[in-house]
Protein chains: 2
Amino acid sequence: MAASRPARKGVAIDATSADTKTRILDAAESLFMEHGFEATSLRSLTTAAGVNLAAVNYHFGTKEVLFQAVLTRRLDPMNQERIKLLKGVEREAQGRALSCEKVLFAMLIPALKIARDEKRGGKNFLRLLGRAYADPAPFIRHFLSGQYAEMIGLYKEAFLKALPHLSRQELTWRLHFVMGALSYTLAGTDAVKLFAQMTAVEKYDDELLLQRLAPFLVAGLKAPALADSRKLELVSGD
Amino acid sequence: MAASRPARKGVAIDATSADTKTRILDAAESLFMEHGFEATSLRSLTTAAGVNLAAVNYHFGTKEVLFQAVLTRRLDPMNQERIKLLKGVEREAQGRALSCEKVLFAMLIPALKIARDEKRGGKNFLRLLGRAYADPAPFIRHFLSGQYAEMIGLYKEAFLKALPHLSRQELTWRLHFVMGALSYTLAGTDAVKLFAQMTAVEKYDDELLLQRLAPFLVAGLKAPALADSRKLELVSGD
DNA sequence: ATAGAATTCAAACGAGCGTTTGAATTAGGC
DNA sequence: GCCTAATTCAAACGCTCGTTTGAATTCTAT
């Protein structure tokens, strides 16, 4: 069991090791995104980062902790900004009902800002995040739940007020769909060509992407609730 | 290099080995779903299936081929049924414009039927499929592209006619969002509690799930197209 | 300058992986 | 009943994995 984050005597913070740690985090962000968690070996990772193999265990303890650190570095500020933005919009409305668009945009804007800012991970990080959403590993799922709990709670309340025709249960499902479309879309790389010719026609552009996604999601959220008595007849015969 | 699918003399087809192959496929479907491709070892898989370790390589050649076989077994019939259903709806319309709902339901119904039918993989398979959509492994992405090419092409044309206000490009994006919400939702297990209290309130029910998803997707698909000249102002300042 | 802590490094550890092998076993056509 | 091909099996191969170790090195406070 190595000391997982040894602190210097009394110095600022990690003058020399900061470089090593950052190099590891950067390489990890890129490789985890490209190959996933299991398929990325610490040997290829440390080679790409230009550090010694043992550096990961020295600075982070285990590979799993490293993965969480990669996510935390970007995700925590992003979710904090989402919360701040939502509170700003709510203050601005002064009790009046918020529009669904306003709430949704408060959620999307921090993601968009990250996509634009290479220094904060850029598209790479968002794609990694999209992958993480769908990863079956329990430690990833637990971690994400924790990271999102506060933000999701606040947004659920806000959407509930903006979409009074939806029950709490209906809204929960719709937010699930929203996160699905968002994460799947963010996870897409140029290699994803299930729907061909797209990448040929227009360059992959995360800003344009979110601008196309937003109207789709707003319309979906605003759709009338499914009345329990009049269920959709999906299957005629069996 | 083992013979990857040796045929008996002239006998029906794989009288004895069919059992072994099926047991492997069933165990693989369940384990790949639960842990993902990389994290599932052939040793745990063959133990769960009650067959010898070497049986996978004997019957399938490699682990990757086994994974593809797991998907093909269910996916190929499902997509064939989707195509059949779409053609039926189109014949029924006799040239009249199809509604967006009709096209979407033709796409969802075969998935719903599988979810209901444990003998065809049931919910397990759909969740595995949802995971596979988000897997970064190139051999999985290539395989899925191939499996979906024909079906996606036909549905894109159908949606294009049902949604004349959308350009081909816009539609491509929206189908992307649809697949995202669908696969993410299908991949969800009870362990997924990003949005808590859901599983507590209502039992996980794939039929109800698709009935909630459909209105959301229909509304999203029907949403007005984004006019290029009047882009959404997502970010005010930077 | 020096003591002591923090960090880097090369090397190794034990475990688990996918796959291969060759003998033992089973089943079907004659 | 025998021959042959298909299948099962236990064992091993070679490799890569995440992690640990202990010595060498670098840095910093005194």
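Note that this is a predicted model, so its numbers are computed, not measured. Every chain is numbered from 1 and lettered A, B, ... according to where its sequence line falls, protein lines coming before strand lines.
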Report the distance from atom CZ of B/F60 to atom P of C/dT19, rounded to the nearest whole Å.
13 Å
Establish, with yes or no, whether the OP1 or OP2 oxygen of C/dG18 is under 4.0 angstrom from a side-chain nitrogen or oxygen of B/N57.
no
Round to a whole Å and report the spacing from NZ of A/K63 to C1' of D/dT19.
12 Å
Please report the distance, rounded to the nearest Å, between OH in A/Y58 and P in D/dT25.
17 Å
Check the distance between C/dC17's P and B/E64's CD and give it to me in whole angstrom.
17 Å
Distance check needed: C/dG18 P versus A/E38 CD, whole Å only.
11 Å
Could you tell me the separation between the CG atom of B/L45 and the P atom of C/dG16, rounded to a whole number of Å?
17 Å
For C/dA6, does OP1 or OP2 lie under 4.0 Å from any side-chain N or O of A/H59?
no
Stepwise side-chain hydrogen bond (donor to acceptor under 3.5 Å, both in side chains) check, A/Y155 with A/Y148:
CA-CA 11 Å; A/Y155 271 86; A/Y148 276 94; over 6 Å; no
Look at A/R168 together with A/E157 and state whether they make a salt bridge at an N to O cut-off of under 4.0 Å.
yes
So does B/N52 get a side-chain nitrogen or oxygen closer than 4.0 Å to the phosphate oxygens (OP1/OP2) of D/dT7?
no
Given atom CZ of B/F67 and atom P of C/dT19, what is their separation to the nearest angstrom?
14 Å
Sub-3.5 Å donor-acceptor pair from the side chain of A/K63 to the main-chain atoms of A/N57, do we have one?
no
Nearest-nucleotide wise, let me know which of A/L42 and B/L53 is further upstream toward the 5' end of DNA chain D.
B/L53
Can you confirm whether the side chains of B/S44 and B/T47 place a donor and an acceptor under 3.5 Å from each other?
no
Whether B/T20 contacts D/dT8 is assessed here as follows: a side-chain N or O lying under 4.0 Å from the phosphate OP1 or OP2. Is that the case?
yes
Using a strict 4.0 Å threshold on nitrogen-to-oxygen distance, state whether B/D26 and B/K21 make a salt bridge.
no
Can you tell me which nucleotide in C/dA11, C/dT19, C/dC17 comes closest to the side chain of B/S41?
C/dC17
Pick base, sugar-phosphate or nothing for B/T40, based on heavy-atom distances below 4.0 Å to the nucleic acid.
sugar-phosphate
Looking only at D/dT8, C/dT8, C/dA10, the nucleotide nearest the A/A54 side chain is C/dA10
Donor-acceptor pair (no angle test) under 3.5 Å: A/R43 side chain, D/dG18 base
yes
